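Quick notes on the structure that follows.
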Amino acid sequence: MSQAQIDEIFALLDSAAKVLIDQGILPNDWQNNSQITRSKNPEHGDYASNIALTAAKAAKSNPRALAEQLTAALPENDSIAKLEVAGPGFINIFLNSDAKFAVLDAIFDKNERYGLTDEFSGKKIQVEFVSANPTSSLHVGHGRGAAFGMSVANLLEAVGYQVTREYYVNDAGRQMDILATSTYLRYLQVCGEQIKFPVGGYQGDYVTDIAKKIRAESGDKYLHPYRVISDNAPEDEVSEVNEAGEKEVISGDKNAHIDVLIANSKKTLGEGYEVFLNTALNEILDDIKDDLNDFGVRFEQWFSERSIAGEIEPVLAELESKGYLYEKDGNTWFRSTDFGDEKDRVVRRANGLTTYFASDIAYHKNKFERGFDTVINVWGADHHGYIARVRAALTALGIDEKRLEVILVQFVALWRGEEKIQMSSRSGKFVTLRELREEVGNDAARFYYVARKPEVHIDFDLELAKSQSKDNAVYYIQYAHARVCSVLEKIAAKGFDVDDAQGKAMQSLLNTEAESELIKLLAAYPATLKRAATGYEPHVLTNYLKDLASLFHAWYNDNRILPVSIIADETPSQEELDLMQARLRLSKAVRQVLANGLSLLGLSAPTSM
């Protein structure tokens, strides 16, 4: 049953209620807040309404008696076969056969567009996701944000939103300086200098690879003695692992140490410093883009943090003019506690440099100035404390903070057997998204990343993701699609055609409880899609697809689609052909809806497995 038909039944019951209002049974100001739900038991009809229960108090009437009055006042309609009053006052709705099977017509009429709407057309929405610092390859944790953000964007487009997918490139600030200096130190090492690589530097092999590229292109042009770069640097961090397996700092300060290395590298290299910064940035960013593209994740906008450098001081001036900035201990503070944050936040340090938060204020102001009705930020769970200060800044700037939606995505733990893989991007000891995809495939990775609520921690089971069993949900869903394709191939190989007209004419033969449940579930797809989109909940769609595949497999296993006579190369009876065509029609509808849902999640719908 389509949403349009649900709306039609609601309107019919609402018309019946208006008759009771005219009769004085219901008050003139009564509002219809009733619901129509699917019946779990076919004996109780196809759908049920609680309108009599919601109206009984206003009517000062017994709900069952009121239900009888409502059914008597209902206008005639070809879609409804009969109504029954049940229980404390529910109205059970039995559909005529044509109405019951109308969803199959809707599916074959719209095909890949079944379930899509333009309800929210004209609304502009931005989804910013991943936005990982371009300081290393993406790891499996970033993959969850990528799969989730892309799925949310796809779902929003499916209900009519004009969606812009954006990646915020953090190409400015201290982390980029650490990357540039790490690359330069590896360059010195490649040139033959004996160095002591800093604990706080980026230590992965990819940094050395970038340094080798610069050496190949520029030779020893940027070679300087390591002692010049390390001059006056305080002791680097010295640590050891205690009996509990935790790292303990014995002496030194890794942050103070690398800050001096950065300053000395900038001073010594001059304009040459930009060579190391930009080469490292571009190499890693290109790697990230390739990785995401291969993962089926795309962006309309790659937004550079550097591009808003000129917008930071004006936005701080605006906050200052409104009285929301003050000086303390040489720093400039934003009064975020005025807007519910737990403490005020520094926007400019005593050394005159603005903070990352100041850049973020300018960035979010820029977002809303671009005309988005709603902005969605998909952040890692470790950014929880950042939400209040960003909302505070928006409010201070006169922007409705309710237009900002922040979705926190929990961490991913990757397991290989009994071993939990530890990840640290600076040490270089991490499992990359690319490695995960190569091991389990894009489909399994995309599915399991979004199969649970974003706020729920994921233990990613590599062996389950690769298994070919019903315990592997994505395999089971795709197998349902492939099963239908296989049946159609077998029919064609036997010399028979799929006759849609005959299937439609004979669809009344689909009268088992399982077939009725399949049809109801197919009819629920548009409403499920809308719920998943407006709630930013891709897992609602994955759960639906699991239910549909499970129901289909159970029905398929209990009901033969190809008659035994055809398999034995014998002439089938007309009754066998009629039932075969009816079941093929239902199977093809299931296949179409599975394909539609998988597509929105960025998964393939294989024709064979």
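Remember, predicted model here, so these are calculated numbers, not experimental data. Scope of the values below: all heavy atoms of this structure, side chains included, with no hydrogens, waters or symmetry mates. If you read the sequence from its start, that first residue is 1, and numbering goes on from there.
The line from CG of D443 to CD1 of I477 is 10.5 Å long, rounded to the nearest 0.5 Å. From K196, atom NZ reaches atom OG of S230 across 10.0 Å, with rounding to the nearest 0.5 Å. Distance check, rounded to the nearest 0.5 Å: OG1 of T181 to CD1 of I262 gives 4.5 Å. Rounding to the nearest 0.5 Å gives a distance of 11.0 Å between OG of S151 and CG of L156. Going from atom CD of E405 over to atom OG1 of T374 covers 7.0 Å, rounded to the nearest 0.5 Å. Taking OG1 of T208 as the start and CZ of R215 as the end, the distance is 13.5 Å to the nearest 0.5 Å.
Not a single donor-acceptor pair under 3.5 Å links the side chain of D220 to the backbone N or O of L223. Side-chain atoms of N543 come within 3.5 Å of backbone atoms of H539 as a donor-acceptor pair (strictly under, hydrogens ignored). Under the 3.5 Å distance criterion, the side-chain polar atoms of D171 are matched with a main-chain donor or acceptor of E305.
Remark: N596 engages Q592 in a side-chain hydrogen bond (donor to acceptor under 3.5 Å, both in side chains) (not counting sequence neighbours). Taking the side-chain contact (heavy atoms from CB on, under 4.5 Å) definition, one finds that R403 meets it with F368, I399, D400, sequence neighbours left out. Not counting sequence neighbours, N232 has no partner by the side-chain hydrogen bond (donor to acceptor under 3.5 Å, both in side chains) test. Partners of H257 by side-chain hydrogen bond (donor to acceptor under 3.5 Å, both in side chains), not counting sequence neighbours: none found. By the salt bridge (Lys or Arg N to Asp or Glu O under 4.0 Å) test, E438 pairs with no residue at all, sequence neighbours left out. Applying the salt bridge (Lys or Arg N to Asp or Glu O under 4.0 Å) criterion to R165, with sequence neighbours excluded, gives E157, E300. Under the rule for a side-chain contact (heavy atoms from CB on, under 4.5 Å), the partners of N442 that lie at least two apart in sequence or sit in another chain are F295, R437. Under the rule for a side-chain contact (heavy atoms from CB on, under 4.5 Å), the partners of E313 that lie at least two apart in sequence or sit in another chain are L316, R348, T354. When the side-chain hydrogen bond (donor to acceptor under 3.5 Å, both in side chains) test is applied to Q410, no partner is found at least two apart in sequence or on another chain. In this structure K322 satisfies the salt bridge (Lys or Arg N to Asp or Glu O under 4.0 Å) test together with E318, sequence neighbours excluded. Under the rule for a ring-ring contact (aromatic ring centres under 6.0 Å, His included), the partners of Y449 that lie at least two apart in sequence or sit in another chain are F460.
In the model, H142 has no side-chain atom that pairs as donor or acceptor with a side-chain atom of D291 under 3.5 Å. Side-chain contact, Y448 with N472: a donor N or O sits under 3.5 Å from an acceptor N or O.
Screening residues 225-245 for ring-ring contact (aromatic ring centres under 6.0 Å, His included), with sequence neighbours left out, gives no hits.
The aromatic rings of H383 and W379 sit tilted, their planes meeting at an angle between 30° and 60°. Between Y324 and F334, the ring planes lie perpendicular to each other; the angle is over 60°, past the 30° to 60° tilted range. Taking the six-membered ring where the residue is Trp, Y168 and Y356 present tilted rings, their angle falling between 30° and 60°. Using cut-offs of 30° and 60° for the angle between ring planes, the Y363 and F303 rings count as tilted. Between W302 and F299, the ring planes are perpendicular. Angles over 60° get that label, and only those under 30° would be called parallel.
Shown here is Q194, whose CD atom has no more than 12 heavy atoms of other residues, nucleotides or ligands within 6.0 Å. With a 6.0 Å radius and a threshold of 12 heavy atoms from other residues, nucleotides or ligands, K466 has its NZ atom above the threshold. Within 6.0 Å of the CD atom in E274, the count of heavy atoms belonging to other residues, nucleotides or ligands exceeds 12. In the displayed structure, R306 atom CZ is contacted under 6.0 Å by more than 12 heavy atoms of other residues, nucleotides or ligands.
Classification of E537 and K453 as a salt-bridged pair fails, no side-chain N sitting under 4.0 Å from a carboxylate O. K254 and E235 are not joined by a salt bridge, as no carboxylate oxygen comes within less than 4.0 angstrom of a charged side-chain nitrogen. For D287 and R434, the salt-bridge test passes: some basic side-chain N is under 4.0 Å from an acidic carboxylate O. E237 has a carboxylate O that lies under 4.0 Å from a charged side-chain N of K247, or vice versa, which qualifies the two as a salt bridge. Taking 4.0 Å as the cut-off between side-chain N and carboxylate O, R391 and D341 do not count as a salt-bridged pair. Remark: K213 engages E283 in a salt bridge, criterion side-chain N to carboxylate O under 4.0 Å. Between D344 and K328 there is no salt bridge, since none of the side-chain N atoms of the basic residue sits less than 4.0 Å from a carboxylate O of the acidic one. Comment: R174 engages D259 in a salt bridge, judged by a side-chain N to carboxylate O separation of less than 4.0 angstrom. The pair K367-E128 meets the salt-bridge criterion, with a side-chain N (NZ, NE, NH1 or NH2) lying under 4.0 Å from an Asp/Glu carboxylate O.
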Under the side chain to side chain donor-acceptor pair (under 3.5 Å) rule, what do N242 and E248 come out as? Steps first, then yes or no, please.
-> CA-CA 7 Å; N242 61 25; E248 283 188 356; 3.1 Å; yes
Derivation and outcome, side-chain contact (heavy atoms from CB on, under 4.5 Å), residues Y167 and Q301 = CA-CA 6 Å; Y167 188 116; Q301 179 75 38; over 6 Å; no
Check step by step if side chain to side chain donor-acceptor pair (under 3.5 Å) holds for E401 and T395.
-> CA-CA 6 Å; E401 56 95 9; T395 303; 5.3 Å; no
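Both the sub-6.0 Å distance and the 45° axial angle are satisfied by K124 relative to the ring of F372.
Between Y222 and the choices Y184, Y273, F276, the ring pair (Phe, Tyr, Trp, His ring centres under 6.0 Å) rule is met once, by F276.
In this structure the side chain of S599 never reaches within 4.5 angstrom of the side chain of L603, judged on heavy atoms.
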